[in-house]
Amino acid sequence: MESMETKPSGGGGARDLLHRQYWDLSYVSGPLVFLKDGHRFATGAILDLVLGDGAVRQGQVLETSTTHAVVQVLQGTQGVDIERTSVSLRADAARLGVSRDMIGRRFNGLGEAIDGLPPVLPDEELDIMGAAINPVARDKPRDFIETGLSCIDGFNTLVRGQKLPIFFGAGLPANRLARHIVRHAATKSDAEEFVVVFGAMGITEREAAFFLRSFGESGQGARVVAFINKANDPAIERLFTPRCALTAAEYLAFHHGFQVLVVLTDMTNYCEALRQVSSAREEIPGRRGYPGYMYTDLSSIYERAGRLRGNRGSVTQIPMVSMPDDDITHPIPDLTGYITEGQIVMSRALHRQGLFPPVDVLPSLSRLMNNGIGEGLTRADHRDLANQLYACYAHGRDIRKLMSIVGEDALGDLDRKYLQFAQEFESQLIGQGDVRRTIDETLGLGWRLLALIPKEELTRINKDLIDRYYCEIMEDGVPSPFVG
Amino acid sequence: MEATTVERAGTVTRISGPMVSATGMPGVAMGEIVRVGRAALMGEVIRIDGDTVFAQVFEDTAGMGLGEPVVGTGAPLVVELGPGLLGQTFDGIQRPLPALRELSGDLVGRGLSAAALDRDRTWAFAPQVAAGDAVAGGDVLGTVQETATIEQRILAPPGTAGRVDSVVAPGAYRVHEPIVELEDGTRLSMMQRWPVKAARPAGAKLASDRPFLTGQRVLDCLFPIALGGTAIVPGGFGTGKTVVEQTLSKYCNADIIVYVGCGERGNEMADVLSEFPELQDPRTGASLMGRTVLVVNTSNMPVAARDASVYTGVTIGEYYRDQGYDVAVMADSTSRWAEALREIASRLEEMPGEEGYPTYLAARISEFYERAGRVVCAGNGEARQGSLTLVGAVSPPGGDFSEPVTQTSLRVAGALWALDASLAYRRHYPAVNWNRSYSLYDEELDGWFREHGPEGWCERRRDAVRLLQRDAELQEVVQLVGPDALQDAERLVLEASKLIREVFLQQNAFSDSDAYSSLEKTGGLLDTVLVFYEKCRALLDDGAMLDRLLDLPVREDLARLRDAPSDGFAARKDEVIAQIRAMAAEAAGK
Ligand SMILES: Nc1ncnc2c1ncn2[C@@H]1O[C@H](COP(=O)(O)OP(=O)(O)OP(=O)(O)O)[C@@H](O)[C@H]1O
Ligand SMILES: [Mg+2]
């Protein structure tokens, strides 16, 4: 079919005159349609596709040339035919209308209100792709966020402006962990400045309900902005959802001074959508079929966290990443780990023991921990204590492995102490359940656990601190962690 | 920008991410910088096919449409070299980021331009040539005190040849003002331009016989590299590549540091920017920022500019090398650069090589590392020597070193500092795997260490390597049958190498007293551990019980010796060694 132009379809109006319609689809593949000419569409522009039956869908221009254009269709291409479908320009870029009134509202994955209330009156229409923060405009993330969980506060401290993902295998209680963090991160003195932005990609109805309910329970109901793309919503929409969420987050943080916590779940669904588009474009696949540019694409999401110099607000990100097959080297967690500032890794072994939260602290890491802990921030002994507990736990785990080979009888006295330490560390310190612990409680418990290990072994802790804390515990006659 | 010729204005015919093609530009050359689109984004010609020109664009092409203009500039990608580089933070195409912030606020806008070197600032120039002097490329025309500790030597640009007709009087000048005029009318200023993809000329290469000291025990002792050498630091995410690069930037013995953040995190740069101005150069006491140039193209900034950023960094490094300085260029991470090459190549629909990387990946990587070296500087005057040391981080997918970027880099780099996730998980930092890493410089450097290093350095290193080697073998046995199967002498080896690992090899980059370890401390600490081992070994041979030896309280003092600062370390070490001797004597007496 020849490409042809017609008069604007009914309705008229000066605006429509600018918007020519073209009937030149040549090819439909997966979520993409190809046109025979790029016309004057800019890359990134949003098009209206009018189907034969009059239904309207949106597409985004990915690539243009004088011989073709590639358009990804947000609502999918089911039912698109190349004879009768027309395209016309809708907007120069994907934009989200933002306003302070978004707080408490619920939107779909494209930022359209789905809570039955009237649309938000936007203060501004922002390009959801955002722009890179000038590195010299960034301020160092700091300010300890007390999550109430020992495994995070004690060992993988979260600070404002950080991006710290949660890696989990199928069936592990990641959502419960996220709920815990969100609830408690909010109960700071500055609670009134705190907003949760929730971006959900391809989650089930049940999960969506769980999150919305738990945000409500925590008294944060009114302080949540939710962008929800469910499992049965169009997959391509998922490419827009985190960007809408982050656009709202940045606006609230940097224009209104809020402390914004962004929870994105599940990034793996996002990456699947990305792979779908890539394979429809017949690009050379990278590892496991994911596109070679996935690192860059993911960084355009994850890098949208941080603080700005001279600005009160902050954007902290907690992306949830399910690890296919529990494999941390799978491209999705792998590339995520290469961009984020650490990771919290959940453990099936601890989960099987019935411990919550089942977090394996060895592969977990918060790279910004040092910005948030120490004298004046948490406590002077925090760093040394955490290092020492880590070292002891890692050693205990080695002994446990050794024991499984050589049997318990082959172990010496000291080895047994480490073994017991590892056990208690997991059950007492990590497996705290749903209770909330202050950082003092976490550190105090850490010292009590150290009492299981002879003092001469504790060479990672400054002597003065040992004298002050370790000896105190011993003198108090509380040689075991079971008390308190 | 440079003069543009209207004849060479073409139009955009295709836009695919960072790759744009255009027609109607006859005469445009490979590598030429073009201005693309109405926003005049900067791009570089990377392929010419008949009438169609392909350019990689260093800024985001979103919003651009077909038919927009593309204009050649007649010049390749160049950097400006002159006073004002030190302490500055540039993006990949050498735009100063603070200037961009003034233009477009907290977010980087598109189509901005800002001169690399401030045209308004004046510098006190002290001439060193006089009318009638013959000058050639590389000759020192005069000097400028660029920062508190670094004097910039203003050089005649490569290719200069002639006699000085006139020189300005000492005084304050701006970078683009002429300071020297040659008899043929050529005017030279304090600033010169150089195309980044070409290595700057230098004289003969010199031997790799002086160490690039890092203040990191595992590197200085086990895997030292030479000034002018190259090392790669591969490792999975979170294994400590960036910490290595940043720690080296703080403590290494180079005069100038060029830190290239290529496709990595914005917050890491914020970290450097807030930390470095506060930190003192351990050798001069001045602010570290005064000897540092940052080139930053974070992961979310345009990919094509990653390619530019590594070249921008190394060219700035060469410029200071030419002045006679020892320069270290840190590139974090070269994998992101390789990925940018891959992305552009795939947009060009080039035939891919291994894992989708272009077939010229190996050539690009080796050309890059070949720009390192210790050389006699170009120029006729007083002979100067300079060096450029290159340390490149590599980010292998899944932490698996068999991938193309690691393997290709290994073939050209002089040292491998392999970081290991299992060490990082146990918080053994720096997570340098001592079995896997190597340095090709160690023998060449022995002479220097014998002459200038602590006494017995080479022997002690050999002892340590042997112990660790023996440890690796014994660990295999233990994993099979348990420690009980070992003899006491063997168990002592395990204990001694545990001390080497924990006391000597581990080094916390965030510790005030131990982030930097002087050669004296490094040598002394190793010596102390080995003295302890040898004493125990002798006692064991005399029939002592191993378990008694291991309970000796001196072990704790030994472990804590690590936290004794480099200053005054010797005294503390002597105390501990005396203690070891005393205890050994006592134990032997019983
Ligand atoms: N020498 C060290 N001393 C103390 N901590 C260290 C050291 N090296 C690394 N670490 C710890 O490991 C964390 C990760 O290190 P780093 O950011 O350098 O990793 P990376 O290899 O650059 O990871 P990526 O590839 O994701 O950028 C640091 O934030 C720090 O907590
Ligand atoms: Mg890094």
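All values below come from the heavy atoms of this structure, side chains included, with hydrogens, waters and symmetry mates left out. Please read all numbers here as calculations on a predicted model, not as lab measurements. Throughout, protein chains are lettered first and strands after them, A, B, ... in sequence-line order, and every chain is numbered starting at 1.
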[options]: which one forms the most heavy-atom pairs within less than 4.5 Å of chain B?
options                      : value
A/D139, A/T340, A/L368       : A/T340
A/L62, A/V406, A/D360, A/T64 : A/T64
A/G44, A/S300, A/G292        : A/G292

With a 4.5 Å cut-off on heavy-atom pairs, point out which of [options] contacts chain A the most.
options                        : value
B/A270, B/S299, B/S422, B/A559 : B/S299
B/P352, B/G236, B/G399         : B/G236
B/T298, B/D271, B/T23, B/T89   : B/D271
B/D106, B/V108, B/N508         : B/D106
B/E343, B/M269, B/M64          : B/M64

Is a donor from one side chain sitting under 3.5 angstrom from an acceptor on the other, for A/R309 and B/S274?
no
Taking the cut-offs as 6.0 angstrom to the six-membered ring centre and 45 degrees off its axis, would you call B/R336 and A/Y338 a cation-pi pair?
yes
Using side chain to side chain contact (heavy atoms under 4.5 Å, CB included), reason through A/I284 and B/E355 one step at a time and then give a plain yes or no.
CA-CA 9 Å; A/I284 305 158; B/E355 295 199 10; over 6 Å; no
Working for side chain to side chain contact (heavy atoms under 4.5 Å, CB included), residues B/L100 and A/N134:
CA-CA 8 Å; B/L100 296 190; A/N134 187 328; 3.9 Å; yes
Is the shortest side-chain heavy-atom distance between A/K463 and B/R560 below 4.5 Å?
yes
Examine whether an atom of B/R265 lies under 4.5 Å from a heavy atom of chain A, and if so say whether it belongs to the side chain, the backbone or both; otherwise answer neither.
both
Would you call B/E556 and A/K455 a salt bridge, taking side-chain N to carboxylate O under 4.0 Å as the test?
no
